[in-house]
Amino acid sequence: MVTYRSPREWEIMREAGRVVARALRAVREAAEPGIPPAELDAVAARCIKEAGARPSFLHYHPSWSPTPYPATICVSVNEGVVHGIPGGRVLQEGDVVSVDCGAEVDGYHGDAAITFAVGTADERAQRLMDVTRTALERAIEQARPGARMGDVSYAIMRTAREAGYGVLRGCGGHGIGTRMHEDPDVPNVGLPGRGLRLREGLTIAIEPMFHEGGDAAEVLPDGWSVVTADGSRAAHFEHTVAVTADGPVVLTLP
């Protein structure tokens with residue numbers, strides 16, 4: 001069942017979104033060669049706690065996972081696409097790092113993700129990140145009353161295919177509000193003019209995930225981490241977006 005949010009609820013989600021944006025910025029600033037992802041997790045946890053918020057991901061246990069998620073953020077490196085559990089493998093110069101973060105304020109959630117390179121990105125990595133970010137921007141532009149969910153999905157898929165990139169299937173965006181994952185699904189592939197008609201009050205997390213190689217991916221034995229099947233690098237960008245009468249409004253900006 002899709003729940004439509006009020007402007008008052010959006011105000012609270014906007015504050016949760018600010019917390020997420022600040023945590024992501026702090027993580028990016030802390031990431032450098034020799035730093036383990038677990039240390040980045042500690043940085044995010046500290047930011048969220050200092051803001052008086054609660055981490056959305058810590059102990060989150062969806063039905064498809066064998067265990068609750070054990071960290072505050074997801075950190076996926078190089079071939080990691082999404083849901084990477086931050087551990088002790090230290091970051092190296094040129095690594096492509098995707099970080100996903102969620103925070104809860106007064107019972108409402110914000111959810112966003114960024115991808116960046118440690119140190120200097122090579123040309124191919126920079127293109128991958130730029131195109132994935134562009135896909136997010138194009139998809140957000142479609143999030144208007146009267147549009148269809150397929151318009152959002154198609155903007156993502158078309159951007160990937162035009163650039164020659166694979167798209168993660170089976171994982172995508174979602175509704176968000178008093179629960180981190182709500183209806184409706186926001187797929188990363190779709191056809192224009194199809195699917196749910198968007199209306200004012202809908203609040204969704206849009207999150208393209210692109211691979212340098214093919215579409216195929218697999219889940220590691222930890223039950224969470226998704227990696228590209230061919231070992232190619234991946235990028236992931238995400239914002240929480242409100243569908244308003246005046247157009248899309250991003251709720252996860254600083």
Side-chain angles (χ1 to χ4, degrees), residues 1-3 20 56-57 60 62-65 69 73-74 76 79-84 98-102 109-115 128-129 131-144 147-163 165-177 179-198 202-219 223-229 232-243 248 250-252:
M1 183 179 69
V2 177
T3 302
V20 170
S56 300
F57 296 176
Y60 182 60
S63 60
W64 49 262
S65 174
Y69 191 72
I73 56 175
C74 301
S76 304
E79 73 278 7
V81 187
V82 69
H83 300 159
S98 297
V99 180
D100 194 352
C101 180
H109 296 267
D111 188 7
I114 59 173
T115 300
L128 173 66
M129 293 185 289
V131 170
T132 311
R133 187 187 299 107
T134 296
L136 175 58
E137 293 167 355
R138 291 176 176 173
I140 290 172
E141 182 60 26
Q142 298 300 317
R144 298 175 177 275
R148 297 277 189 175
M149 189 64 76
D151 300 329
V152 176
S153 302
Y154 182 68
I156 294 171
M157 182 180 73
R158 180 177 179 181
T159 303
R161 298 313 188 207
E162 288 177 345
Y165 292 138
V167 181
L168 180 64
R169 296 176 180 268
C171 286
H174 49 89
I176 183 170
R179 291 177 292 126
M180 187 172 62
H181 291 105
E182 299 182 349
D183 291 333
D185 289 336
V186 186
N188 286 333
V189 297
L191 295 174
R194 304 287 183 87
L196 176 75
R197 187 174 295 279
L198 310 188
L202 183 67
T203 312
I204 53 178
I206 303 174
E207 47 182 322
M209 305 168 205
F210 290 178
H211 312 160
E212 283 182 315
D215 292 349
E218 56 191 35
V219 180
W224 280 98
S225 304
V226 179
V227 300
T228 59
S232 62
R233 294 177 297 187
H236 174 203
F237 285 89
E238 176 184 16
H239 272 308
T240 296
V241 180
V243 178
V250 176
L251 301 178
T252 39

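The CD atom of E141 sits 11.5 Å away from atom CG of D151, with the distance rounded to the nearest 0.5 Å. Residue R133 holds its CZ atom at 14.5 Å from CD of E238, rounded to the nearest 0.5 Å. Distance check, rounded to the nearest 0.5 Å: OH of Y69 to SG of C74 gives 3.5 Å. Summarising the geometry, atom OG1 belonging to T159 is positioned 4.0 Å from atom CZ belonging to R138; distances are rounded to the nearest 0.5 Å. Residue D183 holds its CG atom at 8.0 Å from OG1 of T3, rounded to the nearest 0.5 Å. Atom CD of E207 is separated from atom SG of C171 by 8.0 Å, given to the nearest 0.5 angstrom.
Nearest heavy atom pair, residue A235 against residue S98, reads CA-OG, 3.9 Å. Taking all atoms of both residues into account, the shortest heavy-atom contact from P184 to L196 is CG-CD2, 3.8 Å. Between G80 and A234, the shortest heavy-atom contact is O-CB, 3.7 Å. In this structure, M129 and F237 approach most closely via the heavy-atom pair O-CE1, 3.4 Å. D100 approaches A112 most closely through the heavy-atom pair OD1-O, 3.0 Å. Closest approach of I204 and I176 over heavy atoms only: C-CG2, 4.1 Å.
Side-chain contact between E218 and V227: present, with at least one pair of heavy atoms (C-beta onward) separated by less than 4.5 Å. Inter-residue side-chain proximity for I156 and F210 is flagged as met; some heavy-atom pair is nearer than 4.5 Å. Between H174 and D111 there is a side-chain heavy-atom pair separated by less than 4.5 Å. Side-chain contact between P192 and R148: absent, with no pair of heavy atoms (C-beta onward) separated by less than 4.5 Å. In this structure, the side chains of M149 and P187 come closer than 4.5 Å at one or more pairs of heavy atoms. Residues V81 and H236 are not in side-chain contact: their nearest non-hydrogen atoms beyond the backbone lie 4.5 Å or more apart. Within the 4.5 Å cutoff, no side-chain heavy atoms of T132 are placed close to those of Y165. Looking at heavy atoms from C-beta onward, W224 lies in side-chain contact with P62 at the 4.5 angstrom threshold.
Between H83 and W64, the ring planes are parallel. Angles under 30° get that label, and only those over 60° would be called perpendicular.
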Please report the C-alpha distance between H109 and S56 in whole Å, then the side-chain angles of each, then the deciding distance to 0.1 Å, and finally whether the side-chain hydrogen bond (donor to acceptor under 3.5 Å, both in side chains) criterion is met.
-> CA-CA 7 Å; H109 296 267; S56 300; 2.7 Å; yes

Is there a side-chain contact (heavy atoms from CB on, under 4.5 Å) between F57 and M180 once you walk through the steps?
-> CA-CA 9 Å; F57 296 176; M180 187 172 62; 3.0 Å; yes

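Distance alone, capped at 3.5 Å, places no donor-acceptor pair between the T240 side chain and the T252 backbone. Proximity of a side-chain donor or acceptor of S232 to a complementary backbone N or O of G213 within less than 3.5 Å is detected.
Around CZ of R161, the count of heavy atoms belonging to other residues, nucleotides or ligands within 6.0 Å exceeds 12.
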